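First listed ligand is number 1; within each ligand, the first listed atom is number 1. In what follows, residues are counted from 1 in the order of the sequence shown. Predicted, not measured: the structure shown is a model, and the values here were computed from it.
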Amino acid sequence: MLKRGSTIGIFGGGQLGRMMAAAAAPLGYRCIGYAPEGDNVAAPLCAEFVTAAWDDEVALADFAARCDVVTWEFENVPVASARAMPQGRIFPPPAALETAQDRLHEKRFVEDLGGRTAPYAPIDSRADLDAALATIGTPAILKTRRDGYDGKGQWRLHSADDAAALDLPDAPTILEGFVTFAAEFSVVLVRGQDGEMRVWDSTRNVHQGGILSASRHPAGPQIAAQIGEARELAEKVADRLGYVGVLTLEFFATADGPVFNEMAPRVHNSGHWTIEGAATSQFENHIRAVAGLPLGDTRTVAGKVEMHNILGADIETAHTLLGTGDTHLHDYGKRDIREGRKMGHVTRLTRA
Ligand code: AMP
């Protein structure tokens, strides 16, 4: 168990790190962030912030020496940087990054554990794409295997003509059959160093243009019927990886049952509602897990909870949302306002 006053290192400088650092403070820990130059909004919430390249060996060694334990808030941290931290003092295990950073590996990993995925095929050439389209058909989605997020690095192929017109990206990709789903949801769980697991209620996640726009509790009957199976898979993934911390698996609720979409080896946007909506937030439980503390109660504390992301310039008027009901604003403090960029979120609770 980490002593009070210990230092937790966080790779990545985004809003997830900012909310993690905010959760670490009341537990008596200080955080040091580490990320390359950028709009590192976690920095003001960290005691110190190291701005250095991911492959800066001197900076990494210095960071490791100053942290009692290290975690990450950003899933594209190079595996080599995570492995540069002393074994047993980085959580989750770097193998989780390795699995989740490649859509092909994560699908195979999950299938091996009995999970259901969309039909898929790795694509490295035009011939691969033609062969895959012949079996998977259209509509389909071509996705880069690595580095995609919020719908970036994805091309929707509605017909063979779309595929013929597409300039294949200069990176390994995967073709996925388009899944017909009733709704989307995620399983957010936390696993402690002793293997204990707790899971939050699954919300219904609504995406627009590939970006999460809202998560809602209760998730509704279609999702409720599939949560058990999805949780079982998420728990198997966490056990197989010897995972420590918060892990998220995203699913489509379909007529055949839950179809695994992707996993995030970290706290997740679809768990932001837990800050006010659950007895212990995903951020606090992540810190508790990496610090070796007992995990907190994950139960939902309101009858209804809704989280909405605030994108782009909408952040400038977001304070007006606070005038109604039991509403809470989280402004990430980002300087550059860009269309579609996640700038903050609001959570609205109905207690009853
Ligand atoms: P991803 O980045 O893979 O999570 O994709 C972002 C969003 O695009 C998902 O949350 C879905 O709304 C949609 N999407 C991704 N893959 C598929 C698929 N194979 N079939 C249908 N919709 C998908």
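- With 3.5 Å as the limit, one finds no donor-acceptor pair spanning the side chains of Thr203 and Arg216.
- Looking at every heavy atom in both residues, Gly192 comes nearest to Val244 through O-CG2, 4.1 Å.
- Where the criterion is an N or O separation shorter than 3.5 Å, residue side chain and backbone included, Phe252 fails it with respect to ligand 1.
- Of the N or O atoms in Phe181, none lie within a sub-3.5 Å distance of an N or O in ligand 1.
- Residue contacts with ligand 1, taken as heavy atom pairs separated by less than 4.0 Å, involve Arg103 solely via side-chain atoms from C-beta onward.
- Neither the backbone nor the side chain of Asn205 comes within contact range of ligand 1; no heavy atom lies under 4.0 Å.
- Residues near Phe49 contribute nothing to a hydrophobic cluster around it, because no ILVMFWY side-chain heavy atom sits closer than 4.5 Å to its side chain.
- Note on Glu48 versus Arg66: salt bridge recorded, some NZ/NE/NH1/NH2 to OD/OE distance being below 4.0 Å.
- Between Gly177 and ligand 1 there is a heavy-atom distance shorter than 4.0 Å.
- In this structure, of Gln154, His207, Arg156, the residue bringing a heavy atom nearest to atom 2 (O) of ligand 1 is Gln154.
- In summary, the atoms of ligand 1 found under 4.0 Å from a heavy atom of Glu176, numbered by their order in the structure, are 16 (N), 18 (C), 19 (N).
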>> Between Thr280 and Asp297, does the side chain to side chain donor-acceptor pair (under 3.5 Å) criterion hold? Intermediate values first, please.
In response: CA-CA 6 Å; Thr280 312; Asp297 186 351; over 6 Å; no
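- Phe178 CZ to Arg156 CZ: the interatomic distance, rounded to the nearest 0.5 Å, is 4.5 Å.
- Annotation for ligand 1: atoms under 4.0 Å from non-hydrogen atoms of Glu184 are 9 (C), 10 (O), 11 (C), 12 (O).
- Not a single N or O atom of Glu250, backbone or side chain, sits closer than 3.5 Å to an N or O atom of ligand 1.
- A donor and an acceptor atom, one from each side chain of Thr7 and Arg30, are located under 3.5 Å apart.
- Contact annotation: for Ile141 versus ligand 1, heavy atoms closer than 4.0 Å belong to the side chain alone.
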